[in-house]
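Here is the naming used below: chain letters follow the sequence lines, and residue numbers restart at 1 for every chain.
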Protein chains: 2
Amino acid sequence: MPNIKMIARKAGVSISTVSRVMNGSKPVSPDLQKRVYDAVQQMNYKPNSIARSLILKKTNLIGVVVPDVSNSFHAQLLSGIEEITAQADYGVMICNVYRNMKQQQKYFNLMLERHVDGIILLHENTIEELNEFQKMTNTPLVLASVPLEVPGIPFVGIDEITAAYDAVTHLIEKGHKEIGLIYGDCTALGILRKEGYEKAMRDHGLTMKEKYLTQCPCSVDHGYQAMEQLLCSGSHPTAVFCVSDEMAVGAMDCAYDKGLRVPEDISFVGFDDIEISQVVRPRLTTIHQPIKEIGKEAARLLIEMIEKKSGSMKHSGKDQAASDESRIILKHSLVERGTV
Amino acid sequence: MPNIKMIARKAGVSISTVSRVMNGSKPVSPDLQKRVYDAVQQMNYKPNSIARSLILKKTNLIGVVVPDVSNSFHAQLLSGIEEITAQADYGVMICNVYRNMKQQQKYFNLMLERHVDGIILLHENTIEELNEFQKMTNTPLVLASVPLEVPGIPFVGIDEITAAYDAVTHLIEKGHKEIGLIYGDCTALGILRKEGYEKAMRDHGLTMKEKYLTQCPCSVDHGYQAMEQLLCSGSHPTAVFCVSDEMAVGAMDCAYDKGLRVPEDISFVGFDDIEISQVVRPRLTTIHQPIKEIGKEAARLLIEMIEKKSGSMKHSGKDQAASDESRIILKHSLVERGTV
DNA sequence: CTGTTAGCGCATTCAA
DNA sequence: TTGAATGCGCTAACAG
């Protein structure tokens, strides 16, 4: 790979001139300009972004910390992020946290060593971890679909409580009174959705039965197992709200295996509206999230924060307050299909 | 963020000494060593990987060019790749080609500018593009699940022809004679799978009927449409081999809507064994690919190529021949579920 | 407008 | 063993 010096020599100019025409940072006479362009063409020169990063203190790289890329929800978020960052000429580096949840500190360090310009978190850290991170650096951070409230770290997502509330209310409006819940782990997300369920039940004067509440990890298989548990008590609810589509699909499956018809004998509402909810029979009624949009908004916001920061550093030398958009709430919607 | 100079000052040593203890590249007296470690601790120093990359000419970054991250198959490949690269301390940068297939050249340039150490292609380029790329640079390249034969570019995946052959043979063994095909675009992948179908039909003395062959893009919706076409001729095959699970699910759906029972009236075999094949009813019989394994093997191989290259550069200064493992073929299998 | 110079943060010769 | 000096490829003052 040729470097700037080789181009300068070939074009018979100084390296600063080459730099100037590459970046358009200062006027250069048409004559020299052409000579440089020609040399660039002939030698197929591409500026070394490593060297640029070093001096500009900007990598044009953003990091995305994701629990599991192979999960459909996260993959879609990522796809949205990538779309925007690519347009803005940023690269995205992914960090799959997967099973080793403990080592996020490691991932943060990795990103800091590589000097990413910003980070999008699809994975829920503890508030302490986030605070510590903020103390350590001022690398902009955005939470995408991780509903935590941390000063200085904006959140992009939907109103989880209301969405869950809407799901359950829909069931209630259809006449259901005995409504079960399959909910997830103790993440902010899980807790909020459960809260929405409880609020809806309360607001409509319905009582929650302990035995119709089951907790399980978010997967089809676990949803199946959770449903088995719900069903083994003899009686069963007439409807179940599942805090994710995966769980719902598993639960439906279980109901089916037990000889229950959906929606005649038992109804289901899921959450997220990922692909599988549209291929199961009957089609899953669920809460639609604009997943890709969330990713896009998160990326847009992060880039805005990055550029604002580097802008303000030039002018004042000290950090501005973070973006004023500390919470971007996108609209969810209930999509009625065939399971209610 | 502190830099090496600050650490040196704090520890009262030279920057070279700091460098040496950070990398363990040369012996350092225990005394100085301790002073450096202490300074590193106190200031929370992390070496700037940008600067290291510049001087070492190694970014420890690999690029992954992917058609669409939100596609389940690719997401799984990516997940496998990430697992291995993370272990070996490489970062992965993704490039989502998505709709703008034309601009791969742009993506290649992007990766070259960023000086990635190697690239994994999940996306099918033309052979010309690949040759041109090879002429331009000696950045190692691996094809994952892109069955192209290009000298110097290893491939990791399954034996596509045999896999398709097995799928169709299974149908034939179950007594089917009128077997339709829903196949994809004119990629190497699509062509090979079609070839497997044709070979199986021929080998078993079955004739292919033109009207039972339909081409469509790889998606559930298009599979549905393709099936509609197949069905509109009045008569219909007793079984259909679809070159992807998405197509198969769409096709099954169409059959269902037309009042056909699966597998009583019509059978289906898919390809890939992605998640949805296990949630549809009846469960889709399909060709299982070890998707994540393919990703892992591709990453393993790429890293091997990278390290071999940088090793050989030190010794001889000229490039070694690429790795001798030019084709890694993993085993596929037919998983019988409920659609045959 | 153009060229010369000085670093960005680090690894690595070369002397000591 | 240690430190001073050089340079990776590039941008941005600074002088002309």
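Donor-acceptor pairing under 3.5 Å, judged by distance alone, is present between the side chain of Ser16(A) and the base of dT4(C).
Closest to the side chain of Ile55(B), from the set dA11(C), dT1(D), dC8(C), is dA11(C). Comparing dT4(C), dC8(D), dC10(C) by their nearest atom to the side chain of Ser14(A) picks out dT4(C). When distances are taken from the side chain of Arg52(B) to each of dG9(C), dC10(D), dA11(C), the shortest belongs to dA11(C).
Comment: Glu132(B) does not engage Lys135(B) in a salt bridge, judged by the lack of any side-chain N to carboxylate O separation of less than 4.0 angstrom. Remark: Glu293(A) engages Lys296(A) in a salt bridge, criterion side-chain N to carboxylate O under 4.0 Å. Using a cutoff of 4.0 Å between basic side-chain nitrogens and carboxylate oxygens, Glu83(B) and Lys292(B) are scored as salt-bridged.
Residue order along DNA chain C, read from the 5' end via each residue's closest nucleotide, puts Lys46(B) first among Arg20(B) and Lys46(B). Toward the 5' end of DNA chain D, the nearer of the two residues Tyr45(A) and Lys26(A), judged by each one's closest nucleotide, is Tyr45(A).
Of the options Ile94(B), Leu122(B), Val69(B), a side-chain contact (heavy atoms from CB on, under 4.5 Å) to His74(B) is made by Leu122(B) and by none of the others.
Protein atom CG of Leu56(B) is 13 Å distant from nucleotide atom P of dG9(D), rounded to whole Å.
For the OP1/OP2 pair of dG9(C) and a distance below 4.0 Å, the side-chain nitrogens and oxygens of Asn3(B) include at least one atom meeting the criterion.
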